Number of protein chains: 2
Amino acid sequence: MTDIPCNQCPLRALPLFTLFSCWASRFKTLSDGRRQILNFLLPGDFIGVQQKMTEASAHGVEALSDVSLCTFQRDALWALHRAAPSIGFDITWLAAHEESLVDDNLLSVGRRSAEERIATLLILLFKRAAVVMPQGGVDGVPFPLTQQHIADGLGLSLVHTNKTLRKLERRGLHRIEGGRLYLRDTRALVRLADLYGDGKPSPRPLI
Amino acid sequence: MTDIPCNQCPLRALPLFTLFSCWASRFKTLSDGRRQILNFLLPGDFIGVQQKMTEASAHGVEALSDVSLCTFQRDALWALHRAAPSIGFDITWLAAHEESLVDDNLLSVGRRSAEERIATLLILLFKRAAVVMPQGGVDGVPFPLTQQHIADGLGLSLVHTNKTLRKLERRGLHRIEGGRLYLRDTRALVRLADLYGDGKPSPRPLI
DNA sequence: CGACAACTTGAGACGCTTCAAAAAGGGTGG
DNA sequence: CCACCCTTTTTGAAGCGTCTCAAGTTGTCG
């Protein structure tokens, strides 16, 4: 792991703050070892405002392999907001964006079956990973997650994750091989994930 | 429901942006009606940056009873960041805080049993509700949630929620009556929730 | 070639879900 | 004040999805 001072981070629209050379995950654990991955971070992603980071060791970030990243202090964050409001605005936006990832995952974990959760995760990760790929992922995208990561991300047991993964693979929906993920029947995956059909207006719309 | 222009919102350290006269919830639904409440909003809470609000009706906010609130546009948000960086900073902080609520809930839904989830929710909601109470909730706190709300918040079925709730109540851990929540054996509830014991440092600490 | 991590598979147990239906509240109009 | 309706709560019973336990296989790296 390499730690790069903020002022040296070279990247993208918002170079100052974050990024990896590889994947990582935010997670929480219970005292008996049960572990829940909150969301995955891909190269180029923003590490959320980790204010609660130090509060307890309950909340962590784990690298799935070597990463390089930038960290910043709360004070520095405030200074930045004052000095460069537009970047501060971007940070707010990015924080909100990260939350939306967690929101999506909570919907999965709370209300989708194992098959549906896995289909959802594969599609979403593929999409994110394909963005930085040359041809949009025609020959798959890099996929460094172990089945244990997937299980912890979806609130499933390792065993059941494996069986479900194999079932979908045997049905020809996807393939994971050599550290790469291939979607072979995107339509079926999307159908399983119910990614479009979201709906139902709020009974009492507020906004 | 009353809609108050932002510049008139009277409240707290950060009067401009949010708040209710009552409770509400953020949720998502699947096309077949399955519903997951992401987090609950209590009086005084901030409504997150609802950028994705309009993206699809998949994401909603429901009032549990009449509420009054402030809304703001994305542009207004940007203008605010520029004009008042300190408030912009607070917004970032609040957005991150709301995310931490969702994180906590995701840990519950993904890795806690039904009993543990309910214990966790009761304690956390009680704490939040007690803050604004005169005596810190010695005679309970207002509790407008139905069991369906609790079920949707915890990723459980209504039936199982009811049975678990009754089991805990019969064991003397809590009481819900007349729209109020009373914690009767906080210690036992905390033990169930594993709220302190969080632990386990990251295998590969990043920060 | 030995060691360790990741993956795979089978089998039994249990927690939670679904279905079904009744009881208890809460509000409204006659 | 009662009759009615609709929402919320409660309880029983059966089914199944997921978990745990157990062990074997495959892959990787030194």
Side-chain angles (χ1 to χ4, degrees), chain A residues 23 25 30 32-37 62-66 108-122 142-171 174-181 192 203-204, chain B residues 23 25 30 32-37 62-66 108-122 142-171 174-181 192 203-204:
Chain A
W23 295 26
S25 67
L30 295 175
D32 63 2
R34 280 175 288 178
R35 167 190 179 104
Q36 178 65 44
I37 290 181
E62 179 193 9
L64 301 184
S65 67
D66 272 354
S108 271
V109 174
R111 292 307 187 194
R112 281 195 249 246
S113 71
E115 277 191 5
E116 295 166 341
R117 289 181 217 185
I118 289 190
T120 306
L121 182 71
L122 292 183
F143 193 77
L145 303 188
T146 67
Q147 295 187 355
Q148 184 67 65
H149 289 124
I150 299 176
D152 286 346
L154 298 180
L156 295 169
S157 72
L158 172 61
V159 173
H160 199 61
T161 298
N162 175 279
K163 287 174 178 168
T164 307
L165 227 24
R166 301 253 44 229
K167 203 190 306 176
L168 297 186
E169 192 158 349
R170 247 182 274 113
R171 268 199 248 155
H174 77 283
R175 201 169 95 240
I176 295 178
E177 195 186 349
R180 299 195 140 250
L181 165 65
L192 251 186
R204 280 211 223 175
Chain B
W23 295 27
S25 65
L30 296 175
D32 63 2
R34 282 176 287 177
R35 171 190 176 102
Q36 178 65 43
I37 289 181
E62 179 193 9
L64 301 184
S65 65
D66 271 355
S108 272
V109 173
R111 291 308 187 193
R112 282 194 248 245
S113 70
E115 278 192 3
E116 295 167 341
R117 288 181 217 184
I118 289 190
T120 305
L121 182 71
L122 293 182
F143 193 78
L145 303 188
T146 67
Q147 295 186 358
Q148 184 68 65
H149 289 124
I150 299 177
D152 286 345
L154 298 178
L156 295 170
S157 72
L158 172 61
V159 173
H160 198 61
T161 298
N162 174 278
K163 286 173 178 169
T164 307
L165 226 25
R166 302 254 42 230
K167 204 192 305 177
L168 297 186
E169 192 158 352
R170 248 181 273 115
R171 269 197 247 155
H174 77 285
R175 203 169 91 241
I176 295 177
E177 196 186 348
R180 299 196 139 249
L181 165 66
L192 252 186
R204 277 212 223 176

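Note that the structure is predicted; figures quoted are calculated from it, not measured. Numbers restart at 1 for each chain; the letters A, B, ... are given by sequence-line order, proteins then strands. Values below: every heavy atom of this structure, side chains too, minus hydrogens, waters and symmetry copies.
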Heavy atoms from C-beta onward define the side chain here; which of D/dT11, C/dT9, C/dT8 lies closest to that of A/R170?
C/dT9
For a 4.5 angstrom cut-off between non-hydrogen side-chain atoms, does B/Q36 reach B/D152?
no
4.5 Å side-chain heavy-atom contact, A/H149 and A/T146:
yes
My understanding is that only residues two or more places apart in sequence, or in another chain, count here; which of them pass salt bridge (charged side-chain N to carboxylate O under 4.0 Å, His left out) with A/R166?
none
Using five pairs at each end of the helix from C/dC1-D/dG30 to C/dG30-D/dC1 to define an axis, what is the angle between those two axes, to 10°?
40°
Under 4.5 Å between any side-chain heavy atoms of B/L145 and B/L181, yes or no?
no
Once you round it to whole Å, what is the distance between C1' of D/dT10 and CD of B/Q148?
14 Å
Round to a whole Å and report the spacing from CG of A/D152 to P of C/dA6.
12 Å
Think A/Q147 has a side-chain N or O under 4.0 angstrom from the OP1 or OP2 of C/dA5?
no
Closest non-hydrogen atom pair, B/L192 against B/A119:
CB-CB, 3.8 Å
Nucleotide C/dC7, atom P - distance to CD of A/E177 in whole Å
13 Å
Could you state the CG-C1' distance from B/L145 to D/dT8, rounded to the nearest angstrom?
13 Å
Does the side chain of B/R117 reach to within under 4.5 Å of the side chain of B/T120, using non-hydrogen atoms?
no
May I have the distance from B/L165 (atom CG) to D/dT8 (atom C1'), rounded to whole angstrom?
12 Å
Looking only at heavy atoms, which two atoms of B/W23 and B/P142 are closest? And how far apart?
CZ2-O, 3.4 Å
Using whole Å, report how far NE2 of A/H149 lies from C1' of C/dA6.
11 Å
From A/E169 atom CD to A/L122 atom CG, the distance as rounded to the nearest 0.5 Å
9.5 Å
Is a side-chain donor or acceptor of A/R111 paired with a backbone partner of B/R35 at a separation under 3.5 angstrom?
yes
Under the side chain to side chain donor-acceptor pair (under 3.5 Å) rule, collect the residues that match up with A/R34, sequence neighbours excluded.
A/D32, B/E116
Rounded to the nearest angstrom, tell me the gap between atom NZ in B/K167 and atom P in C/dC16.
8 Å
I'd like to know if A/E115 pairs up with A/K167 as an ion pair, taking the criterion as any Lys NZ or Arg NE/NH1/NH2 lying under 4.0 Å from an Asp or Glu carboxylate oxygen.
yes
Under 4.0 Å: is that the gap between some side-chain N or O of B/N162 and OP1 or OP2 of D/dT10?
yes
Please tabulate, one pair per line, all N/O donor-acceptor pairs under 3.5 Å involving side-chain atoms of residues 154-165 of chain A, not counting sequence neighbours.
residue	atom	partner	partner atom	Å
A/S157	OG	A/H160	N	3.1
A/T161	OG1	A/S157	O	2.8
A/N162	ND2	A/Q147	OE1	2.8
A/T164	OG1	A/H160	O	2.8

B/R117 CZ - C/dG15 P separation (whole Å):
13 Å
Below the 4.0 Å mark, does C/dC7 have OP1 or OP2 next to a side-chain nitrogen or oxygen of A/R166?
no
Once each nucleotide of nucleotides 19-30 of chain D is scored for protein heavy atoms under 4.0 Å, what B/S/- sequence comes out, 5' to 3'?
SBB---------
Every protein N/O within reach of nucleotides 21-26 of chain C N/O, cut-off under 3.5 Å:
none

